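Predicted, not measured: the structure shown is a model, and the values here were computed from it.
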Amino acid sequence: MEGFQGAVKAICIASAAVCLIESLTAGTRMQKQMKFLLDLVMAVVIISPFISGTAAFEMPEVSGSRSVDTSYSMQLYNRTLSRKTAQNIGDVLYSQLSAAGINCEKIDVEVNISPDGSISISKVIVIADDNDSAADIIKNCLGDDTEVINGDT
């Protein structure tokens, strides 16, 4: 690795020298000749470590593999997905109740998402003018096995 670092240092020094000499010879008659010579010097500096064998590339060994813990990210994703799904279902139910002429004050939807991605709605809490009619509309939309709870009590 030290040979590689030496080669990099040599290239950096040669590059700095090339820039300095090019800026000094800019606008002179010797500009093209100096550029050609400097390009040759740079090529020799870059190629010489490979020819001499000092630029042997060795990758350091990684001591043990690290496993990335994605459980927190998955938990956060699942919570966000559940919250957004509940919000979307609540918005649809609210529009269904409004279309039926029922004034709805609040709808809370509890959603469970299983590891295989299936969504189940465990219960809906509703506060409306006519809770019985609202419960009938919600069960009609989501299924008769959906638990609808009156939020007034």
Side-chain angles (χ1 to χ4, degrees), residues 1-23 26 35 38-39 41-153:
M1 199 63 160
E2 291 175 16
F4 182 71
Q5 290 175 348
V8 170
K9 286 179 186 176
I11 292 171
C12 290
I13 292 170
S15 297
V18 166
C19 288
L20 179 66
I21 293 173
E22 280 184 351
S23 66
K35 181 159 176 41
L38 293 173
D39 288 343
V41 169
M42 183 60 79
V44 169
V45 169
I46 291 174
I47 293 173
S48 65
F50 296 103
I51 292 173
S52 65
T54 59
F57 294 105
E58 295 180 18
M59 295 297 291
E61 288 189 31
V62 179
S63 59
S65 63
R66 292 178 154 176
S67 63
V68 178
D69 184 23
T70 59
S71 62
Y72 178 73
S73 298
M74 285 304 294
Q75 289 173 358
L76 184 63
Y77 171 77
N78 288 335
R79 277 188 270 149
T80 304
L81 182 63
S82 295
R83 189 181 73 242
K84 290 302 275 181
T85 303
Q87 181 182 2
N88 290 341
I89 292 171
D91 291 345
V92 170
L93 292 175
Y94 183 81
S95 66
Q96 291 290 322
L97 294 175
S98 294
I102 298 173
N103 186 18
C104 184
E105 189 176 316
K106 180 181 175 185
I107 296 178
D108 283 332
V109 181
E110 290 188 14
V111 175
N112 294 322
I113 299 177
S114 65
D116 67 347
S118 60
I119 299 172
S120 64
I121 302 166
S122 55
K123 65 180 167 181
V124 177
I125 301 169
V126 64
I127 300 174
D129 292 343
D130 185 6
N131 284 323
D132 293 333
S133 297
D136 290 340
I137 292 172
I138 291 170
K139 285 185 178 188
N140 189 28
C141 289
L142 301 177
D144 289 331
D145 57 337
T146 305
E147 180 182 6
V148 180
I149 299 174
N150 183 355
D152 287 332
T153 56

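Note that CD1 of Ile137 and OG of Ser98 are 9.5 Å apart. Values are rounded to the nearest 0.5 Å. Rounding to the nearest 0.5 Å gives a distance of 12.5 Å between OH of Tyr94 and CD1 of Ile138. Expressed to the nearest 0.5 Å, how far CD1 of Ile121 lies from CG of Leu93 amounts to 7.5 Å. Separation of atoms CZ (Arg83) and CG (Leu81) is listed at 10.0 Å; rounding is to 0.5 Å. Atom CG of Asp129 sits about 8.5 Å away from atom SG of Cys104, to the nearest 0.5 Å.
Only one option out of Ile102, Asn150, Ile149, Val148 pairs with Val126 in a side-chain contact (heavy atoms from CB on, under 4.5 Å); it is Val148.
With contacts defined as side-chain heavy-atom distances shorter than 4.5 Å, the pair Ile89/Leu142 qualifies. With a 4.5 Å cut-off on side-chain heavy atoms, Lys106 and Ile125 do not count as touching.
Side chain of Asn78 to backbone of Met74: a donor-acceptor contact under 3.5 angstrom is found. Side chain of Asn88 to main chain of Thr85: no donor-acceptor pair is present (N/O by atom type, distance under 3.5 Å, no hydrogens or angles).
Contact detail for Ser118 and Asp116: the closest heavy-atom pair is OG-OD1, 3.0 Å. Nearest heavy atom pair, residue Ser122 against residue Glu147, reads O-CB, 3.7 Å.
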